[in-house]
Structure formats: C-alpha cells, structure tokens
Amino acid sequence: MDQPVRELSYAQALQEAMAQAMEADDRVFLMGEDIGIYGGAFGVTGDLVERFGAERVIDTPIAELGSAGVAVGAALCGSRPVLEFQFSDFATLAMEQIVNQAAKIRYMLGGAVSVPLVMRFPAGSGTGAAAQHSQSLEAWFAHVPGLKVVQPSTPEDAKGLLLSAIDDPDPVMLFEHKLLYKTKGPVPPEPYRTPIGKALIRRTGRDLTIVATAIMVHRALEAAAILAADGIDAEVIDLRSLRPLDRDTLVDSVSRTTRLLCVYEGVRTLGIGAEISALIAESEAFDRLDAPIGRLGGAECPLPYNPELERAAVPQVPDIVDKARALVRGTV
Amino acid sequence: MTLPAAAIETRTNRPAIYDRLSAAELREALRRMHLIRQFEEGAEQAYMRGLIHGTMHLSIGQEASAVGVCAALKPQDKITSTHRGHGHCIGKGADPARMFAEFFGKEDGYCRGRGGSMHIADVAQGNLGANGIVGGGLPIAVGAALAMRQQKRTDVVACFFGDGASNEGAFHEALNMAALWKLGVVFVCENNQYGMSTSTERSMSVSNVADRAAGYNIPARIVDGNSFADVADAAFEAVDRARAGGGPSLVECKTYRIRGHSRSDRNRYRTRDEIEAWSARDPITRFEAELLELGILSGGDVRALREAVDAEIAAGIAFAQNSPPPQVAELLRDVHSD
Ligand SMILES: Cc1ncc(C[n+]2csc(CCOP(=O)(O)OP(=O)(O)O)c2C)c(N)n1
C-alpha cells in the first residue's frame with residue numbers, strides 16, 4: 001500500500017534532523033546567533049528552544065570567532081555541537097578556528113583526538129542582500145584537508161546530510177542555499193543518513209554531463225528539460241559533496257556522455273569547477289571527451305545589490321542552455 | 001530591562017551645550033532628525049510596495065544619537081557607520097534623494113546601485129560607509145584616525161556601532177589600538193538594548209558597553225541616547241579631546257529601536273509594553289518640544305520645517321524612481337581601480 005508522501009520544506013527538514021539528533025543523543029546541542037526565541041535568521045531552528053531548552057539551544061553573543069572556538073573545544077571534549085552561522089559570509093570572521101584549529105587538530109595531535117563539529121551556513125545570492133551577505137565560499141573550505149564540505153539541494157538531502165554530519169567524527173560544513181529554504185520536497189519521517197562524499201545523478205542523459213551544486217542543480221534540471229526539446233539529452237549530477245569529491249560518479253558519467261559542463265554559484269575562477277575539470281582531464285574520461293570542458297560560475301566581482309546586476313552575476317537557466325548547446329553542437 | 005529614570009523630561013533651563021550651537025544649527029539638527037524619520041518611513045513604505053528589495057534596518061527612535069554626534073563634527077571629519085546607518089548618513093549631511101536612488105538600485109545612488117541600504121555611504125561628506133559586518137567599521141575608524149595623524153590633520157573620526165558589536169573581537173582590538181596610539185576616534189555605541197533578538201543582559205558580561213572602555217584606558221560617558229542635548233554634550237567633549245590630541249573616547253547612548261531588527265522580525269523577544277514605553281520617549285518629540293519651550297523655534301518655524309522635509313522626501317522618491325538603472329555591461333566595473 002502506498003503511503004502518502006510527506007513533504008517538508010528544506011528548512012523544516014534541517015530542523016527535523018536537528019530535533020531527531022538531539023532526541024537520540026544527549027551530547028548534541030545547538031549554538032548560534034538568534035537561534036533561540038527568534039528561531040534563527042532564516043527560521044531553521046524554529047521552536048527547538050521550546051522543545052529542548054536554552055541549555056541545548058544556545059544563543060551566542062555576536063562573536064563568530066569565539067563561538068567557533070567554543071564549539072571546537074566542546075567537540076574535543078565529548079560534546080556534539082551544531083553551530084549555525086547567520087550568513088556563510090561570516091565564516092570569514094571564524095576562519096582561524098575553522099581552518100587552523102578544527103581542520104587540523106586531529107592530524108597535528110597524531111590522531112589522539114577528533115573534532116565532531118557541524119557548522120551550518122546559509123549561503124548564496126538572490127535575496128538582494130549585496131556583497132557581504134550573498135557569497136558562495138564553499139570552495140574555499142573544500143581546499144582544506146581535514147574539513148568535509150556538503151551542499152544539499154533538496155529537503156531530503158538536507159536532512160540526510162545533516163544527520164550524517166552530526167554522526168561524523170570530524171568537522172563538517174553544510175552550505176545551505178538561502179533560496180532553497182522554502183522549497184518543498186518529500187522527506188522520510190524516520191532518521192536516515194545521506195552519505196557524505198556521494199554525488200547523485202538527478203537525470204540521466206547521453207549527450208553531456210552537467211555537474212551542478214545547490215540551487216544550480218535545479219537550474220540545470222530546468223535547462224535539461226529545455227535542451228530535451230532541442231534533441232539534446234543532458235545528464236545532471238548533483239555534486240552534494242565538495243570534499244570528499246565523488247570521483248567515480250563523475251568519471252563514469254563523463255566517460256559515457258563525452259562532454260562536461262560544471263555549473264556553480266561561487267566565483268568561476270579557482271572554483272569547484274576548476275577541480276572537477278582537472279579531475280576529468282587527469283582521468284580515463286579525458287580520452288573520451290568530444291568537446292572542451294565548460295564551466296559556468298559566479299562573475300568575477302562582489303555580488304551587487306541591484307537585482308538585475310545580481311542575476312547577471314550568477315548562472316541562470318538560459319546561460320546553462322546556451323553553453324550546453326554550444327558544447328554539444330561543437331560551436332564552442 | 002530598566003528604562004532610564006526620567007520619563008519625558010521638560011527642561012526649564014537651557015542645556016549648556018546649546019551655547020556651542022547657534023539657533024540655526026539647532027534648527028538644522030531638528031530638521032535632520034525629521035529628515036531621518038521621514039526618510040525611513042518613506043523607505044519602509046516603498047519596501048512594502050515592492051519598490052525596494054533586499055532587507056533594511058530602520059533606526060526609528062534612535063535619531064538623537066546620529067544627529068547629536070554629527071552636530072559636534074565638522075564637514076571634513078569622518079564617520080564609520082553600521083547596517084543601521086540611514087540616520088548616520090543623513091546626520092552627516094547626505095542627500096536623501098541619492099539615498100533613495102541607492103535603495104531603488106539606481107545609477108544616481110550613492111553606490112551606483114551596487115550597495116543598497118546596508119552599504120550606504122557618502123564619502124564626499126566624510127561618511128566612509130555603513131557595514132554589513134557587525135563590528136566591521138570599528139578597526140576601519142581607527143585606521144582612518146591613523147591616516148589623519150599621518151597627514152598631520154586634526155580631523156576626528158566618529159565610529160558608530162551597536163551594543164551587539166561590542167561582543168565581537170574587532171571591538172576589543174580596535175579600542176586597544178586607538179588608545180595605545182592615542183588616536184582621534186570617538187567610539188559611539190548606540191545601545192538599543194538588543195542585538196537582533198538577544199538582549200544585552202543575555203549577551204554581555206557587564207551592564208554597560210562603557211564599562212568595557214576602562215579595560216582599554218579610554219574615558220567613557222553614558223548618556224540618554226534619546227536626548228539630543230545629552231548626546232551632543234558628550235559628543236562635543238569627546239570630539240574636543242580627539243581634536244586636541246587627547247586620544248579616543250567612548251560615548252554610550254542608551255536608546256531603543258522601535259521597529260523590528262529588520263523586515264523579517266516578529267518581535268517575539270520583547271513586549272509591546274516595552275516598545276510603547278520607549279515610544280513615549282521619542283527623541284524628535286522631545287527635542288522639538290524643548291526648542292519650542294526655550295523659544296529657539298516658534299510653532300510656525302516647526303510647521304514650515306516639517307513641510308519642507310515632507311516636500312524633500314517626496315521629491316527624493318520621485319528622483320529615485322526616475323533615475324536610470326545600472327547597465328549590466330558594467331557589472332565588472334570598479335572591482336579594481338583601473
Ligand atoms: C559579523 C556579523 N555577525 C552577524 C551579523 C548579523 N547581524 C546583523 S545586525 C545584527 C545585530 C547587531 O546588533 P547591534 O550591534 O547591537 O546593532 P543593532 O542591530 O541593534 O543596531 C546581527 C546579529 C552580521 N551582519 N555580521
């Protein structure tokens with residue numbers, strides 16, 4: 001018998017993951033700015049403070065560096081912090097603790113300890129919040145050995161990846177696209193885990209592989225539908241995890257489709273697309289390529305406030321369609 | 001939450017600081033406070049009508065601190081501002097028409113439509129800009145003061161920041177350097193009692209931001225931030241000290257933000273009573289009543305001033321609506337200087 005499918009928003013799915021983790025494990029607690037009575041800047045923690053109390057849903061002062069360090073210390077000593085940043089841009093204030101401490105302590109101490117820390121970051125543009133509240137910095141952190149970096153694109157993966165992150169013995173950073181928080185999708189009610197380090201083929205196709213992250217997955221799927229009407233059959237891969245990268249899924253797909261287009265919101269140069277391109281160029285898929293590798297990423301500028309400029313600064317559906325067509329038709 | 005003792009004070013004697021300001025200057029201060037209020041109410045309405053996007057942080061109820069501090073500054077003095085920076089910008093002399101143009105994302109805006117409310121600036125008037133990063137302006141103000149000294153100028157830098165910002169490391173690092181190097185900075189804390197939803201009681205280990213200044217050997221004063229005269233009094237003292245080479249000071253203005261933190265605030269962390277109690281201490285109403293009572297302005301002056309402000313706001317919105325949008329072809333302009 002078919003059960004009716006339960007739908008949750010991306011934000012609700014994250015909240016459910018945190019609630020289930022806290023129910024299952026006393027060591028899990030939440031920290032962040034205005035995550036208590038306010039319910040979080042994007043409403044993700046909602047009423048969790050009423051359910052779990054202010055000892056486990058801790059409002060911090062506005063102190064990103066200190067809070068990250070406190071979370072590292074707690075994680076080192078047996079607690080399981082989930083730290084929310086109000087905007088991913090503010091990771092820059094906590095860089096020291098994330099990059100020098102959380103990422104490296106285990107290695108520096110010869111494996112004597114681990115840092116089971118989860119950090120959640122509302123990321124991305126599209127809200128008119130301008131240059132200091134709109135960035136996509138995930139690739140910076142994917143450059144750091146010792147960190148794991150994931151980017152769920154659906155409510156289902158948001159919950160599953162957050163639960164995996166909380167289980168993980170090492171620091172995991174979740175980049176949550178702000179425009180996805182209100183999007184809805186099926187979410188299984190029980191606690192389940194989505195593996196970190198596994199990409200997912202969201203649409204199979206024969207003519208080209210589009211590897212996309214976060215909101216770009218949805219734009220790539222829209223583009224694929226338009227391309228299909230043109231007789232171009234695009235495969236769309238949701239990368240989901242930037243570190244570790246799912247090499248096998250990428251190489252296998254490009255070997256079949258013989259063309260690759262990477263689409264991501266972070267600045268194009270030295271972004272995740274550069275790494276994926278290099279990975280393919282170094283792999284057995286290289287010999288199968290029938291077109292140059294394509295990349296679409298954020299423009300080489302800070303995010304502007306004006307909405308038309310802001311749209312122009314990140315890949316949109318027509319950009320993906322045009323680029324994919326050019327790759328398949330050999331007009332690049 | 002304790003309200004400052006006095007309810008609406010009616011002054012019978014003239015504040016001593018008014019000796020430093022001419023009648024025209026006092027009138028201009030009142031005009032700027034009205035301009036800030038009307039500007040923000042106009043921006044709020046435009047936002048609700050979908051003419052402005054993004055978010056904005058209104059300073060309604062905090063106009064006395066912005067204008068009281070700027071009244072003590074000279075045109076060439078500088079300020080650094082915050083995400084709640086409309087009042088600072090107008091206080092320092094900005095043109096509301098160009099601010100509206102910025103909020104509407106237009107080419108005539110102060111940031112040519114690239115920055116919006118959170119990055120509003122008016123460099124020509126010495127406003128180095130609002131800031132999207134809480135605490136971001138504090139060390140920048142110290143650097144500006146260092147440059148003034150290097151250039152043998154006596155210009156002062158007023159650094160606005162919130163109570164919440166004083167919990168950031170940047171606050172502590174900035175105060176230490178300013179004091180160590182005896183730089184001409186006036187740190188102006190607009191303590192509106194909350195950083196978003198988090199009250200100062202729940203986020204600070206001391207009762208006053210001014211208490212923190214002692215740790216850096218910086219003289220500090222706490223004033224009624226809803227009183228223009230009290231703010232101006234402390235601001236003149238601090239600015240005089242800075243200009244004379246006496247180093248930094250801190251002025252803590254106890255005030256209150258009447259609106260929510262931003263457009264998405266549901267005000268679940270405070271009571272209606274509290275908001276109403278503070279609304280009754282409205283800084284503009286108080287200042288206006290005082291100027292009338294002291295005979296500095298007449299009822300007719302006030303009416304004329306308010307009408308002129310209304311007209312300026314309406315003209316500013318019309319200017320912004322008619323201003324051209326930026327060209328997409330210029331997306332990459334100004335990333336670098338060349
Ligand atoms: C580094 C940083 N952390 C968090 C935020 C989000 N945020 C914006 S304003 C604000 C509250 C600031 O409080 P306060 O400094 O007291 O100024 P107020 O908003 O009360 O004027 C917060 C948490 C931010 N913009 N920058």
Side-chain angles (χ1 to χ4, degrees), chain A residues 32-43 45-47 49-50 54 58-69 86-87 89-94 96-97 125-135 178 267 298-314, chain B residues 52-56 83 102-107 109 111-119 131-136 162-171 194-200 202-205 261-262 264-270 325-336:
Chain A
E33 293 164 16
D34 306 286
I35 64 167
I37 180 88
Y38 197 90
F42 292 92
T45 48
D47 65 356
V49 71
E50 277 135 56
I58 302 175
D59 270 337
T60 67
I62 308 171
E64 290 77 12
L65 174 64
S67 301
Q86 273 189 2
F87 286 81
D89 311 70
F90 311 154
T92 56
L93 284 88
E96 196 286 300
Q97 286 292 331
S125 68
T127 64
Q132 295 172 339
H133 286 72
S134 304
Q135 300 171 86
K178 283 164 249 170
V267 172
E300 310 291 324
C301 62
L303 269 309
Y305 164 70
N306 172 283
E308 214 190 322
L309 293 187
E310 186 184 18
R311 268 192 301 279
V314 297
Chain B
I52 296 177
H53 79 146
T55 189
M56 66 171 82
H83 59 284
E102 186 57 36
F103 287 28
F104 284 55
K106 300 297 187 70
E107 194 64 39
C111 312
R112 304 180 56 248
R114 271 63 168 184
S117 159
M118 219 167 1
H119 301 289
N131 213 307
I133 301 300
V134 168
D163 49 280
S166 77
N167 297 316
E168 287 278 13
F171 165 87
Y194 293 91
M196 224 159 136
S197 69
T198 311
S199 66
T200 51
R202 296 204 302 122
S203 57
M204 282 170 35
S205 57
H261 165 73
S262 69
S264 46
D265 186 346
R266 289 174 298 161
N267 278 316
R268 289 179 58 200
Y269 50 88
R270 54 184 190 170
Q327 303 282 313
V328 170
E330 295 201 337
L331 180 65
L332 302 186
R333 180 180 152 163
D334 292 327
V335 175
H336 295 290

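In what follows, chains are A, B, ... by sequence order, proteins preceding strands, each numbered from 1.
- Interatomic distance, CZ of B/R268 versus CG of A/D47, reported as 7.5 Å (0.5 Å rounding).
- Under the side-chain hydrogen bond (donor to acceptor under 3.5 Å, both in side chains) criterion, B/D163 pairs with no residue at all, not counting sequence neighbours.
- Between B/C111 atom SG and A/N306 atom CG the span is 12.5 Å, to the nearest 0.5 Å.
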What do the steps show when you test A/E33 against B/T198 for side-chain contact (heavy atoms from CB on, under 4.5 Å), and what is the final call?
CA-CA 8 Å; A/E33 293 164 16; B/T198 311; over 6 Å; no
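- Heavy atoms closer than 4.5 Å to chain A are found in both the backbone and the side chain of B/D265.
- Per-residue heavy-atom pair counts under 4.5 Å with chain A were compared for B/H336, B/R266, B/H119, B/H261, and the maximum is reached by B/H119.
- Only the side chain of A/E310 has a heavy atom closer than 4.5 Å to any heavy atom of chain B.
- Side-chain contact check for B/R202 versus A/I37: some heavy-atom pair is nearer than 4.5 Å.
- By the 4.5 Å heavy-atom criterion applied to side chains, B/L331 and A/P304 are counted as neighbours.
- At a threshold of 4.5 Å between non-hydrogen side-chain atoms, the residues B/E168 and A/L93 count as touching.
- For B/Q327, the CD atom is loosely surrounded, since the number of other residues' heavy atoms within 6.0 Å does not exceed 12.
- For the atom pair CD1 of B/I133 and CG of A/D89, the computed distance is 6.0 Å after rounding to the nearest 0.5 Å.
- Between A/L309 and B/P326 the shortest heavy-atom distance is CD1-CB, 3.9 Å.
- Contact count versus chain A (heavy atoms, under 4.5 Å) is highest, among B/S117, B/G169, B/G113, B/P325, for B/G113.
- A heavy-atom distance below 4.5 Å is not found between the side chains of B/V335 and A/E300.
- Taking the ring pair (Phe, Tyr, Trp, His ring centres under 6.0 Å) definition, one finds that A/Y305 meets it with B/H53, sequence neighbours left out.
- Applying the 6.0 Å contact sphere to CD of A/E308 captures no more than 12 heavy atoms from other residues, nucleotides or ligands.
- Within the 4.5 angstrom heavy-atom criterion, only side-chain atoms of B/M118, from C-beta onward, approach chain A.
- Neither the backbone nor the side chain of A/F87 has a heavy atom closer than 4.5 Å to any heavy atom of chain B.
- In this structure, B/N131 and A/Q132 have side chains that are in contact, with non-hydrogen atoms separated by less than 4.5 Å.
- Nearest heavy atom pair, residue A/A130 against residue B/G115, reads CB-O, 3.6 Å.
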